[in-house]
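Computed over heavy atoms, backbone and side chain alike; hydrogens, waters and symmetry mates excluded.
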Amino acid sequence: MSRIILFIIVAGMVLAYGYRLEQIAPANQPFSPAQPLEPEEHQQQTENEASPLQPTEFAAAGYCGAKIPPGFRRPTLGPILNKDASPMGRTARRLYNDGESETLLDHLTRWQESKATSPYPSIWRALLHLENQMPASALPYLSEAMNLTEDKPVIALILGNILSHTSELPRAIEALSIYAAAYPQDRPQQQKLARLKTQYEIQARYKQSDYRGVELLYPPESSHLEWADILDQIDTKLDEAAEFTGTIRRQTLTVIAFEGKAELLASTCVPSWTGGVYDGSIKLVMHNPEQLPNAVTLAHETLHAQLSFSSPGEIPAWFSEGMAQAFAKEETRAQSSWRKMVEHQTYIPFTSLGDSFLEFEGSDDARLAYHQGLAMVLWLYNTAGPEGLHEAVRALELPKDRQKRLLEIFLTENDSGDFLEFVATLIH
């Protein structure tokens with residue numbers, strides 16, 4: 001039976017690059033365009049479904065909110081690898097499906113040495129890095145494949161979406177332009193390309209500093225500020241976020257500090273009240289050129305960056321936002337909501353919490369749901385400790401039924417009837 005893999009195609013629904021289930025055909029099975037690559041219910045994709053803030057919900061800006069038209073399917077890597085009927089290609093599929101990664105790598109080396117013009121060894125190596133959540137390591141192989149393959153739009157889509165969350169926006173725009181020209185019906189990617197061009201116009205003049213895989217971009221008029229301290233904070237917070245979630249620290253991260261709210265809104269799909277967002281890269285707002293970005297917001301978005309990287313896919317908002325608030329120590333901001341919950345003896349039923357806060361946008365209920373998520377995460381930590389949070393994060397390993405699995409863990413450790421009693425202990 002062929003092995004199910006996760007690889008980056010950058011549709012936007014799941015993380016910065018967009019992970020998607022796909023199937024590699026057995027070595028002795030001919031490629032068929034009709035073979036199922038993923039369950040039917042997962043085929044529809046919408047723009048920017050990946051961000052912890054779920055920007056699709058707030059798609060009020062000019063280049064946001066498009067959906068893939070009915071009947072269109074975004075191209076992926078699987079069909080490219082499956083259609084290779086050569087003996088080398090069949091062997092690669094067999095080794096992959098049998099889980100013989102080291103032997104596969106040796107095979108790819110011999111394949112490349114014997115046929116340097118074949119794009120398939122590079123595509124396979126890129127796929128292996130993407131499967132292991134190492135997009136930066138996949139980039140050189142995707143670039144090699146672009147120069148050798150006839151399937152340029154597909155490779156360009158993956159390459160461009162990875163680069164779109166780095167400092168290399170010109171390369172991202174070039175790659176995504178190739179895809180957009182071949183697939184004009186993919187409106188979400190057309191809109192993403194328009195936003196990237198706007199973002200590049202804004203940040204082309206920015207200064208850049210790098211440290212341990214972190215890229216930091218900021219306006220030149222603020223160069224006199226202690227940006228080295230911000231880099232150090234990000235590096236430290238990434239280590240702490242990995243420990244907090246029980247996950248392996250992500251390999252790379254790009255952080256952009258915009259000079260104002262207008263620049264953030266022009267290049268993302270977020271509501272006007274947002275001071276920062278993680279949508280594959282962290283984007284922050286400076287309130288004035290003499291003030292570094294808010295440290296609490298930075299910590300909050302760093303947690304999103306780590307959690308979304310380790311668990312590609314939609315994460316229920318109450319858990320994602322609750323974890324980010326807990327990590328950033330935002331209890332003070334939740335005091336008013338918690339007092340109302342205790343005073344009125346009311347809270348949103350756990351089973352009614354959805355994957356997002358869409359139905360609550362702009363209301364007091366949205367704020368309550370947001371802060372209830374923090375209380376729920378703190379309650380789980382109080383009863384089960386760090387391992388309780390780590391178990392909850394592990395429940396996100398499979399993309400389906402995440403809300404159900406999270407609530408099962410939560411209610412196993414807690415009695416819902418005691419929730420408000422715990423919330424009362426948080427008020428000070």
Side-chain angles (χ1 to χ4, degrees), residues 15 52-53 132-133 212-214 232-253 276 278 282 295-335 337-338 341 347 350 353 355 369-399 401-428:
L15 212 167
L53 286 179
N132 289 310
Q133 301 181 46
R212 288 190 65 196
V214 177
D232 186 61
Q233 286 181 42
I234 298 168
D235 179 60
T236 300
K237 288 300 179 183
L238 272 177
D239 286 336
E240 293 175 354
E243 182 178 359
F244 188 73
T245 55
T247 57
I248 298 173
R249 172 180 159 144
R250 61 181 295 156
Q251 185 184 22
T252 58
L253 179 63
Y278 170 75
I282 293 179
V296 173
T297 302
L298 179 59
H300 183 111
E301 301 305 335
T302 301
L303 190 283
H304 279 316
Q306 178 63 32
L307 183 61
S308 293
F309 180 81
S310 65
S311 306
E314 287 187 273
I315 301 174
W318 70 266
F319 184 71
S320 175
E321 295 299 339
M323 288 286 285
Q325 291 173 86
F327 180 71
K329 304 185 187 311
E330 298 181 50
E331 292 89 338
T332 300
R333 300 180 178 183
Q335 292 296 309
S337 295
W338 290 343
M341 292 168 65
Y347 61 91
F350 302 147
L353 290 169
D355 287 336
Y370 189 80
H371 293 145
Q372 179 174 315
L374 171 57
M376 292 171 69
V377 167
L378 293 175
W379 196 19
L380 180 59
Y381 183 89
N382 183 69
T383 55
E387 180 54 34
L389 297 184
H390 297 171
E391 182 184 3
V393 171
R394 289 194 293 271
L396 303 174
E397 290 177 354
L398 297 176
D401 299 322
R402 287 177 163 180
Q403 171 79 334
K404 179 182 177 181
R405 291 197 302 274
L406 282 173
L407 290 179
E408 285 175 352
I409 293 172
F410 184 77
L411 294 176
T412 296
E413 299 291 345
N414 299 291
D415 183 342
S416 60
D418 298 330
F419 179 57
L420 289 176
E421 291 184 13
F422 174 75
V423 174
T425 68
L426 299 175
I427 299 173
H428 55 75

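Within the 3.5 Å criterion, the main-chain N or O of F309 finds no donor-acceptor partner in the side chain of R250. Between the side chain of Q306 and the main chain of A242, no donor-acceptor pair closer than 3.5 Å is present. A donor-acceptor pair under 3.5 Å links the side-chain atoms of H390 to the main chain of E243, judged by distance alone. Side-chain atoms of Q325 never come within 3.5 Å of backbone atoms of S320 as a donor-acceptor pair (strictly under, hydrogens ignored). No donor-acceptor pair under 3.5 Å is formed between the side chain of S311 and the backbone N or O of S308.
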Please report, to 0.1 Å, the donor-acceptor pairs under 3.5 Å made by any side chain of residues 373-382, with sequence neighbours excluded.
from	atom 1	to	atom 2	distance (Å)
W379	NE1	N414	OD1	3.2

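In this structure, R212 CZ and L253 CG are separated by 12.5 Å, a value rounded to the nearest 0.5 Å. For the atom pair E408 CD and Q403 CD, the distance stands at 10.5 Å (nearest 0.5 Å). If you take OG1 on T383 and CZ on F410, they are separated by 7.5 Å, rounding to the nearest 0.5 Å. T247 contributes atom OG1, which lies 9.0 Å from atom CD of Q133 (distance to the nearest 0.5 angstrom). For the atom pair T302 OG1 and D235 CG, the distance stands at 10.5 Å (nearest 0.5 Å). Note that CG of L407 is 10.0 Å distant from OG1 of T412, once rounded to the nearest 0.5 Å.
Heavy-atom minimum distance, M323 versus F244: CE-CE2, 3.6 Å. Listed here is the closest heavy atom pair of S337 and H371: OG-ND1, 2.8 Å. Scanning all heavy atoms of the two residues, the minimum distance from G313 to R402 falls at C-NH1, 3.2 Å. Annotation for E331 and K329: closest pair OE1-C, 3.0 Å, computed over non-hydrogen atoms.
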Self-check item: Derivation and outcome, side-chain contact (heavy atoms from CB on, under 4.5 Å), residues L307 and L396
Solution: CA-CA 10 Å; L307 183 61; L396 303 174; 4.1 Å; yes
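Looking at residues two or more places apart in sequence or on another chain, you find a ring pair (Phe, Tyr, Trp, His ring centres under 6.0 Å) between Y347 and F350, F419.
Counting only residues at least two apart or in different chains, side-chain hydrogen bond (donor to acceptor under 3.5 Å, both in side chains) contacts with residues 419-428 comprise Q335-H428.
Between R394 and E387 there is a salt bridge, since a side-chain N of the basic residue sits under 4.0 Å from a carboxylate O of the acidic one.
The number of heavy-atom neighbours closer than 6.0 Å to CG of L411, taken from other residues, nucleotides and ligands shown, is above 12.
A heavy-atom distance below 4.5 Å is not found between the side chains of Y278 and L303. Contact annotation: the side chain of K237 never approaches that of L298 to less than 4.5 Å [non-hydrogen atoms, C-beta and beyond].
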